[in-house]
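Lettering of chains follows the sequences in order, A, B, ..., and the numbering in each one begins at 1.
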2 protein chains.
Amino acid sequence: MALKSIKPERRRLADKVYEQLVNAIANREISVNDRLVQEKLATELQISRTPVREALMRLEHEGVLSASISGGFRLYQMNKEEIRELYQARAAIEGQAARILATRKNPDEIADLRETILREEDIQIKTVQNYFKANHNIHRRFIELTGNRFLLEMLNVTWGKAMAIHLFGSIAEVDLAKSLGSHMALVDVIESGDKTASLEAVTQHIQEGFELQIRHLED
Amino acid sequence: MALKSIKPERRRLADKVYEQLVNAIANREISVNDRLVQEKLATELQISRTPVREALMRLEHEGVLSASISGGFRLYQMNKEEIRELYQARAAIEGQAARILATRKNPDEIADLRETILREEDIQIKTVQNYFKANHNIHRRFIELTGNRFLLEMLNVTWGKAMAIHLFGSIAEVDLAKSLGSHMALVDVIESGDKTASLEAVTQHIQEGFELQIRHLED
DNA sequence: ATTATGTATACTGTATACGGTATACGGTAC
DNA sequence: GTACCGTATACCGTATACAGTATACATAAT
């Protein structure tokens, strides 16, 4: 006898609601003006309020949503200073990742990065969302390859906070394309094995992303 | 008339439960063998299960507790590899903080750090908890001074995950005292304004903390 | 017309009820 | 005694009920 274990974890409806909400935000089905109301969502999903509430509160704690005093949750809107700090935090995570990868100088990892970049940069339908997703996938891959689950978790949370900025901002495609094209150079630096240079390069890259972002918020 | 606004936020019982649980863990009132059961906690706190459940789930998502398949939550016990990754993540956060502070070279901030270190290193009752708290306060101050709320949040979450390791480990006092004494040197490097050296120094310091930790886990 | 006030409505937070699953335990067959 | 099985118990996840607070709107007072 060799049957697989079926349920290793406690299952929760709230997790599914959470995922659905994250996807809905990423696909711009929830806009900055929408108010997410527990009862409405619950009837829509054909479940009770409890798991809906749990998912909403989780997103609130993660800084994606904010609870309005008059009821309902909405996408948290960062101010410019918060965005600056968020990019600084991203630099911490991704800079460290670059250091780790540069120290290891693992050819498989380097090759994986190059592949990922080539694949993701090859965008067919040039929408802001697609640029956004490609960029996300590339940056996430850097962290995934470090194998550090906490760095990955921090990046995910950080990226979640940023969703509302990126998805509902108005960056021009041409700028996005240019920004997306600058990833391969980062791999070259990492491949050289210079961990300080790698950190500096990634930091610089993220700083440029921030400036691109800010320029378009000022309009 | 100039009355202060009373309730700017939605208040929730779950937040109080959360705080109480965090404090209880930090004060070693909850041990690694304890099983936290929703119903038991609820009757103990004289409230219903709902807010207790919310607080427990939040701590689960933060990686402090883990839900046992057979019911109840317990302190999450990291393995050695996870501890290593956690320290690596801390280095990301605190290394970036050091870079920021070194770049600014603000004399007020430098003075604040020195004050904090002197105050916290002056421990009256030499218990493991007290060393732990002092170390926490010093490291947190570095991040607080950057003014970056996300770095601070990440440090808090990271530190939360580490509570169970530190509090129930068995590091000798003498080692802790030595480790605690090495903070002032970090400030000196930051004061020099060399951001790379600052990052390296902090990384090195955290690496030493990790090795101290690991040495005592192997017993 | 504008301001104040009462009342309905919208939503929330907390408590409780209910059904299901997993462990614990005690009895029965060998 | 040991292996197996059935039932009791513990605990959870989800649904629902209930009470309190904030907004909206209509009505009354100036």
Side-chain angles (χ1 to χ4, degrees), chain A residues 1 3-22 24 30-76, chain B residues 1-22 24 30-77:
Chain A
M1 283 277 275
L3 295 177
K4 282 261 179 71
S5 151
I6 295 178
K7 275 201 235 175
E9 293 171 29
R10 280 198 214 165
R11 49 150 187 65
R12 272 175 210 147
L13 220 41
D15 296 336
K16 294 192 179 176
V17 179
Y18 174 85
E19 281 170 36
Q20 286 215 39
L21 286 172
V22 168
I30 293 170
S31 97
V32 287
N33 301 318
D34 286 328
R35 239 172 78 256
L36 300 171
V37 173
Q38 300 179 2
E39 239 158 352
K40 296 249 175 68
L41 281 173
T43 53
E44 200 168 327
L45 294 168
Q46 306 260 52
I47 56 175
S48 85
R49 249 179 58 210
T50 311
V52 172
R53 171 185 167 74
E54 286 169 357
L56 288 170
M57 283 177 54
R58 183 170 163 198
L59 286 163
E60 185 196 8
H61 284 127
E62 289 176 356
V64 180
L65 300 178
S66 71
S68 161
I69 180 71
S70 57
F73 290 76
R74 41 184 63 227
L75 290 177
Y76 181 72
Chain B
M1 283 278 274
L3 296 179
K4 282 259 178 74
S5 153
I6 297 178
K7 277 200 233 175
E9 292 170 32
R10 282 199 213 163
R11 52 152 181 61
R12 276 174 207 147
L13 222 41
D15 296 336
K16 293 192 181 176
V17 179
Y18 175 86
E19 281 170 38
Q20 286 214 39
L21 285 172
V22 169
I30 293 170
S31 97
V32 286
N33 301 316
D34 285 329
R35 238 173 78 254
L36 301 170
V37 173
Q38 299 179 4
E39 238 156 354
K40 297 250 174 70
L41 279 173
T43 52
E44 200 168 326
L45 295 167
Q46 306 261 49
I47 57 176
S48 85
R49 247 178 60 207
T50 310
V52 173
R53 170 184 166 75
E54 287 169 358
L56 287 171
M57 283 177 52
R58 183 171 165 198
L59 286 164
E60 186 196 8
H61 284 128
E62 290 177 357
V64 181
L65 300 179
S66 71
S68 162
I69 181 68
S70 58
F73 291 75
R74 42 185 60 223
L75 290 177
Y76 182 72
Q77 295 281 77

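- Residues satisfying the side-chain hydrogen bond (donor to acceptor under 3.5 Å, both in side chains) test with B/E60, not counting sequence neighbours, are A/R12.
- Here the straight-line distance linking atom CG of A/L56 with atom CG of A/L36 works out to 6.0 Å at 0.5 Å rounding.
- The distance between atom CZ of A/F73 and atom C1' of C/dC11, rounded to the nearest whole Å, is 11 Å.
- By the side-chain hydrogen bond (donor to acceptor under 3.5 Å, both in side chains) test, B/R35 pairs with no residue at all, sequence neighbours left out.
- Every residue two or more places apart in sequence or in another chain was checked for a side-chain hydrogen bond (donor to acceptor under 3.5 Å, both in side chains) with B/T43, and none qualifies.
- Side-chain contact between B/Q20 and B/L45 is present, with at least one heavy-atom pair separated by less than 4.5 Å.
- To the nearest 0.5 angstrom, A/R53 atom CZ is 5.5 Å from A/Q38 atom CD.
- No side-chain heavy atom of B/L75 sits under 4.5 Å from any side-chain heavy atom of B/D34.
- Listed in residue order, the members of residues 30-38 of chain B having a heavy atom less than 4.0 Å from DNA chain D are B/R35, B/V37, B/Q38.
- The CG atom of B/L21 sits 6.0 Å away from the CG atom of B/L41 when rounded to the nearest 0.5 Å.
- Listed here is the closest heavy atom pair of B/V52 and B/A42: CG2-CA, 3.8 Å.
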Please tabulate the protein-to-nucleotide N/O contacts below 3.5 Å involving nucleotides 23-26 of chain D, giving atom names and distances.
none

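- Distance B/E39 CD to D/dT9 P: 15 Å, rounded to the nearest Å.
- Within residues 41-67 of chain A, the residues having any heavy atom under 4.0 Å from DNA chain C are, by residue number, A/R49, A/R53.
- Phosphate contact (OP1/OP2 of C/dA10, side-chain N/O of A/K40, threshold under 4.0 Å): absent.
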For residues 62-71 of chain B, tabulate all N or O donor-acceptor pairs below 3.5 Å that involve a side-chain atom, not counting sequence neighbours.
residue	atom	partner	partner atom	Å
B/E62	OE1	B/Y18	OH	2.7
B/E62	OE2	B/Y18	OH	3.3
B/E62	OE2	B/R58	NE	3.4
B/S68	OG	B/S70	N	3.2
B/S68	OG	B/S70	OG	3.0

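- B/L13 has its CG atom 6 Å from the P atom of C/dA15, to the nearest Å.
- Atom P of nucleotide C/dT12 and atom CZ of A/R74 are separated by 12 Å, given to the nearest angstrom.
- With contacts defined as side-chain heavy-atom distances shorter than 4.5 Å, the pair B/H61/A/D15 qualifies.
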